[in-house]
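Quick note: residue numbers are just sequence positions, from 1.
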Amino acid sequence: MVVAHQPSKQQEKLRHIELPIIDLMAERSQVSKLIVKASENLGFFKVINHGVPQHVIKAMEDESYGFFSKPASQKQRAGPANPYGYGCKNIGFNGDYGEVEYLLLHTNPLSNSTISNDPTLFRCAVNGYVEAVRELACEILELMAEGLGVPDTSVLSNFLRDSHSDSLLRLNHYPPLQLLQLVNNRIGFGEHTDPQILTILRSNDALTNGRFLSVRHRAMVNSCRRRMSMAYFGAPAPNSRIACPPELHSPHEPNLYRPFTWDEYKKATYSRKLGDTRLHFFRLQSDHDDLTE
């Protein structure tokens, strides 16, 4: 999912590739239908009039650029990303590699004073941004539930509102590469799907019984200028039981997945490479349908 903060020229480019653009201020039932349609057909969409204040976005961006502008020796003091902190080029623990440096933060209150020269300012920026995008994510999940016909529209958003939620904020920085380097290596972040329930990106499938896609995507570097993205990954608490709502399966549409905890799924995810599928390990059926998982 892409959160739109500056519609206009970029919006026109996105229309060129037919990226769904959804106005959250439109009539609610229509918004709900459009979100379901986009989630089923593409697995991502762009939202406008989302309610995340511009000053909150700017504060987070300023702090992020400030961190990534530091000398490498200072940035490395905030690492390694095991599991949280600063990482560079190595992504995870299974050999994945990209032309990216990143800062991975838990959405609980921060304690790492090595991230910023002014830890209080950095902490306020992160907490303000996380609070705003969490509310946006919960609103979108409730619209999804409405569109799916689930009576308890908070069934998905409650995962993110849990005080023990395992949600993350990931700040990715893609330094510019020289043209000669682009010939051999132009991948910033390799092909993958996000394992969490919902991603709010600034620049999952089991819960909907296969109706909503978890889209495969990757990030490309730019030869002329640096790029940065801020991604909020909404996730349940580790012991949360994840199962398809009963309204979404029937004798004619049997449940495709067994219930599992977020901790189980997370372990399956992080024990594999970026591009590997993992949801099929939790399937109940023995067939091998092609699903984006």
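- Side-chain contact, Ser29 with Glu27: a donor N or O sits under 3.5 Å from an acceptor N or O.
- Considering OH of Tyr232 and OG of Ser167, their distance stands at 3.5 Å, rounded to 0.5 Å.
- Judged by the 6.0 Å and 45° rule, Arg170 forms a cation-pi pair with Tyr102.
- Ring pair Tyr86/Phe67 is perpendicular by interplanar angle, where above 60° counts as perpendicular and below 30° as parallel.
- Residues meeting the side-chain contact (heavy atoms from CB on, under 4.5 Å) test with Thr261, sequence neighbours left out: Asp263, Glu264.
- Heavy atoms only, all atoms of each residue included: Glu63 and Ser116 are closest at OE1-OG, 3.7 Å.
- Applying ring pair (Phe, Tyr, Trp, His ring centres under 6.0 Å) to Phe282 and the options Trp262, Tyr257, Phe260 leaves one that passes, Phe260.
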What's the verdict on side-chain contact (heavy atoms from CB on, under 4.5 Å) for Phe68 and Leu103, showing C-alpha distance, side-chain angles and the deciding distance?
CA-CA 9 Å; Phe68 289 119; Leu103 193 59; 4.3 Å; yes
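- A distance of 6.0 Å separates CG in Leu284 from CG in Asn255, rounded to the nearest 0.5 Å.
- When all heavy atoms of Leu160 and Gly234 are compared, the closest pair comes out as CD2-C, 3.4 Å.
- Annotation: salt bridge (Lys or Arg N to Asp or Glu O under 4.0 Å) contacts of Lys58 (sequence neighbours excluded): Asp62.
- Scanning both residues, Met228 and Ser64, for their nearest heavy atoms gives SD-CB, 3.3 Å.
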List, one per line, each side-chain donor-acceptor pair under 3.5 Å for residues 132-148, sequence neighbours excluded.
from, atom 1, to, atom 2, distance (Å)
Glu135, OE2, Arg161, NH1, 3.1
Glu139, OE2, Arg28, NH1, 2.7
Glu142, OE2, Ser157, OG, 2.9
Glu146, OE1, Arg28, NE, 3.3
Glu146, OE2, Arg28, NE, 2.9
Glu146, OE2, Arg28, NH2, 2.8

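- Judged as a side-chain contact (heavy atoms from CB on, under 4.5 Å), and not counting sequence neighbours, the contacts of Thr120 are Asp118, Arg123, Cys124.
- Partners of Pro71 under the side-chain contact (heavy atoms from CB on, under 4.5 Å) rule, at least two apart in sequence or in another chain, are Ser73, Gln74.
- Cluster membership for Leu121 and Tyr129, using ILVMFWY side-chain heavy atoms within less than 4.5 angstrom, is not shared.
- With sequence neighbours excluded, the residues that form a side-chain contact (heavy atoms from CB on, under 4.5 Å) with Asn239 are Ala237.
- One finds the CD atom of Glu101 at 3.5 Å from the NZ atom of Lys75 (value rounded to the nearest 0.5 Å).
- The distance from the CG atom of Leu19 to the CG atom of Leu42 is 7.5 Å, given to the nearest 0.5 Å.
- Distance check, rounded to the nearest 0.5 Å: CZ of Phe159 to CG of Asp166 gives 13.0 Å.
- The NE2 atom of His50 lies 8.0 Å from the CG atom of Leu24; values are rounded to the nearest 0.5 Å.
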